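The first residue of the sequence shown is numbered 1, and numbering continues consecutively from there. Small disclaimer: the values here were computed from a predicted structure and weren't measured.
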Amino acid sequence: MKKRKSSALSLATILFFLIAAAIYFFAQPGQSVPSGVSPVVPSAGSPVLSDLPGNADGLRVIYIDVGQGDSALILTPDGKSMLIDAGESSAKNKVAQILEEYGITTLNMLVATHPHSDHIGGMQYIVENFQIEQVCLPGVSHTSQGYENLLLAIQERKIPALQAKAGESFQLGSDVHCEILAPVQEEYENLNDYSAVIRVCFGETSFLFTGDAEALSEAEILENTAGSVRSTVLKAGHHGSKTSSSDAFIRAVSPEAAVISCASENSYGHPHTETLETLARHRVTIYRTDELGDILAYSDGETVRFAKPGTAPVPASEKIDTVYITASGKSYHRKGCRYYSDQSVALTVEEAKNLGYHACTKCIQN
C-alpha cells in the first residue's frame, strides 16, 4: 500500500502532531515509564502458570492468538506491562480478556507498530477500557477510519506519546530496557516499513518485535544500528511472509526461536515456505499461533523457556536422500543443478558433509 499524498494535512496527521507535542511535557526519550502499578499477578486459570515458574522474578511474554494479526503482552518482574498491537477489531475482547486474566487495569506502554487494521483494529477498545500511561507509534499519517478513531481516543484521554523511530529507547520498569530500531527513515512507499521495531532486553535475553517490517526495513536496521541486533526470540515480520525475514536479517538476529502470528488456513498463505526454509537453515525453532494458540515465554534473564513445544524445521538439504559432488568442487548438489554432470558422484548428505562438502547455495540454499 502506498502512502497517500495530499496538499492538506489529514485529520490523522493533525492528531499525531497534537499527541507528539505531549512528549516534551510528559515523556522524554530514555526516561522510565511512570510507576505506581501493582505487580502483575496471573489468575489461577492463567495458562502461563501451566509449565512455567510461578514466581515474579522473570520476564513473561504472551503472544496472543488474535488470528490473522499481531498482539503481544510483556510483563516485567517489577509489575510493569506493555502491549504491542491488538489485532483486528474482532480480537478486542480476546486481548482485553488476557489483560484481565493478569489483573491489568493500567498499561505502562501501548505500542501501535503501524496503522494496518490487523495490528491496531482492537486498540481503540483497549484505550477506552484500560488506563494507558504512554503510547508509542510511528510518525505516519493514514486516513483509515479505525486509525483516526484510535488517535482521537488517545487525544481525548491526553495520553503522552513517544514517536517510534530508530535511536529512541525507554525503560519498562527497572530491569527491562527497550530499544527502538525502526523506522529509520521519515517516509516510505510501503506502510509496512513504517513498523515500529522494538528490542526488549532483560538480562542476557532479548525479544525482538518487528510488526510488519519488510526486507527494506530489515536492511536499514542492519546498516543503521551501531550495536548488536542479536535476540533470543524473534517475532517474525509480517506474519511469516516472504517479504520479511531475509537471510541476512535472520543471520544477524540469530534467534533461538521465532514466533509467527497468523490464522489457520489464511488467504495470504502465511507463513510462506521461503520464510520457513530460511528459519530452518539457521536452526531456529518455530512457534506458530495458528498451531499453538497463545504462546507463552518466560525469561529468567539467562535463558528463555516456552510453555508449549515448538517445531524445529528440517533444512531443505536434509530432506533429500542423494546429493552429487564433483572432483573439483567443494559443494554437493541436487541432480539437475548447473554444476551437476554425468561425472558427478552420488553420495548421501551425511557422507558429503563428512568429506567436508557443503550445500550448494544455488540448488539447495543451505
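Taking D85 as the reference, nothing meets the salt bridge (Lys or Arg N to Asp or Glu O under 4.0 Å) condition, with sequence neighbours excluded. Judged as a side chain to side chain donor-acceptor pair (under 3.5 Å), and not counting sequence neighbours, T289 has no contacts. Contacts of T243 classified as side chain to side chain donor-acceptor pair (under 3.5 Å), with partners at least two apart in sequence or in another chain: H238, S241. Residues passing the salt bridge (Lys or Arg N to Asp or Glu O under 4.0 Å) test with E179 are R199, sequence neighbours excluded. Under the side chain to side chain donor-acceptor pair (under 3.5 Å) criterion, E274 pairs with no residue, sequence neighbours left out. For H272, the ring-ring contact (aromatic ring centres under 6.0 Å, His included) partners at least two apart in sequence or on another chain are H270. Shown here are the ring-ring contact (aromatic ring centres under 6.0 Å, His included) partners of F202, two or more places apart in sequence or in another chain: there are none. With sequence neighbours excluded, no residue forms a salt bridge (Lys or Arg N to Asp or Glu O under 4.0 Å) with D175. Remark: Y125 engages no residue in a ring-ring contact (aromatic ring centres under 6.0 Å, His included) (not counting sequence neighbours).
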Problem set entry | From CA spacing to verdict: side chain to side chain contact (heavy atoms under 4.5 Å, CB included), S206, L208 | CA-CA 7 Å; S206 51; L208 189 60; over 6 Å; no

Problem set entry | Working for side chain to side chain contact (heavy atoms under 4.5 Å, CB included), residues T113 and F209 | CA-CA 9 Å; T113 59; F209 298 89; over 6 Å; no

Problem set entry | Steps toward side chain to side chain contact (heavy atoms under 4.5 Å, CB included) verdict (F170, M82) | CA-CA 12 Å; F170 58 92; M82 173 168 63; 3.8 Å; yes

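One distance of note links CD1 of I104 with CG of L99; it measures 5.0 Å at 0.5 Å rounding. The line from CZ of R305 to CG of L296 is 13.0 Å long, rounded to the nearest 0.5 Å. Here the CG atom belonging to L59 is positioned 5.5 Å from the OG atom belonging to S299, to the nearest 0.5 angstrom. I159 CD1 to L151 CG: the interatomic distance, rounded to the nearest 0.5 Å, is 11.0 Å. One distance of note links SG of C201 with CD of Q171; it measures 9.5 Å at 0.5 Å rounding. From Q163, atom CD reaches atom CD1 of I180 across 9.0 Å, with rounding to the nearest 0.5 Å.
Hydrophobic cluster membership differs between L191 and I221, with clusters built from Ile, Leu, Val, Met, Phe, Trp and Tyr side chains linked at under 4.5 angstrom. Following chains of ILVMFWY side-chain contacts shorter than 4.5 Å, one can reach I84 starting from V304, so the two form part of one hydrophobic cluster. Transitive grouping of hydrophobic side chains (ILVMFWY, heavy atoms separated by less than 4.5 Å) keeps I295 and V284 in distinct clusters. By the rule that hydrophobic residues join a cluster once side-chain heavy atoms approach within less than 4.5 Å of another member, Y102 and L83 end up as members of one cluster.
In this structure, K235 contributes its side chain and G211 its backbone to a donor-acceptor pair below 3.5 Å. Listed for the E218 side chain is a donor-acceptor partner under 3.5 Å among the backbone atoms of S246. With E156 contributing its side chain and A153 its backbone, the two residues share no donor-acceptor pair below 3.5 Å. Between the side chain of S228 and the backbone N or O of R230, at least one donor-acceptor pair lies under 3.5 Å.
Shortest non-hydrogen contact noted between I126 and A86 is CG1-CB, 4.5 Å. Nearest heavy atoms, A346 versus T322: CB-CG2, 3.9 Å. Shortest non-hydrogen contact noted between A352 and V323 is CB-CG2, 4.0 Å. Residues F306 and A297 come closest through the heavy atom pair CE2-CB, 3.8 Å. Across all their heavy atoms, A164 and A196 have their closest contact at CB-CB, 3.6 Å. Residues V135 and M109 share a closest heavy-atom pair of C-SD, 3.8 Å.
Side chains of V127 and R157 form a contact here, defined as non-hydrogen atoms less than 4.5 Å apart. Put simply, the side chain of V176 reaches to within 4.5 Å of the side chain of C178, judged on heavy atoms. With a 4.5 Å cut-off on side-chain heavy atoms, Q134 and L110 do not count as touching. The side-chain heavy atoms of Y298 and L75, taken from C-beta on, include no pair separated by under 4.5 Å. Between E100 and I98, the closest side-chain pair of non-hydrogen atoms is not below 4.5 Å. The shortest distance between side-chain heavy atoms of L234 and T210 falls below 4.5 Å. With a 4.5 Å cut-off on side-chain heavy atoms, S169 and H177 count as touching. Counting only heavy atoms from C-beta outward, the side chains of H358 and K330 approach each other to under 4.5 Å.
When ring centroids are compared, Y287 and Y63 stay outside the 6.0 Å threshold.
Side-chain contact, H114 with D193: no donor N or O sits under 3.5 Å from an acceptor N or O. Using a 3.5 Å distance cut-off with no hydrogens or angles, the side chains of E133 and N108 do pair a donor with an acceptor. Under 3.5 Å, the side chains of Y147 and Q124 contain no donor-acceptor pair of N or O atoms. The closest side-chain donor-acceptor pair between E214 and S244, if any, does not fall under 3.5 angstrom. With hydrogens and angles left out, the side-chain atoms of N93 and Q97 include no donor and acceptor closer than 3.5 Å. Looking at S195 and D212, their side chains never bring a donor and an acceptor atom within 3.5 Å of each other.
Under the side chain to side chain contact (heavy atoms under 4.5 Å, CB included) test applied with Y194, the options E187, Q185, E186 reduce to a single match, E187. When each of R288, K308, K94 is checked for a salt bridge (charged side-chain N to carboxylate O under 4.0 Å, His left out) with D294, only K94 meets the rule.
Residue Y339 shares its hydrophobic cluster (ILVMFWY side chains chained together at separations under 4.5 Å) with no other residue. Hydrophobic cluster membership of Y340, counting Ile, Leu, Val, Met, Phe, Trp and Tyr whose side-chain heavy atoms lie under 4.5 Å apart directly or via other members: Y324.
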Pairs under 3.5 angstrom only: tabulate donor-acceptor contacts from the side chains of residues 248-263 to other protein residues two or more places apart or in another chain.
| from | atom 1 | to | atom 2 | distance (Å) |
| --- | --- | --- | --- | --- |
| R251 | NH2 | D247 | OD2 | 2.3 |
| S261 | OG | G69 | O | 2.5 |
| S261 | OG | D70 | OD1 | 3.4 |

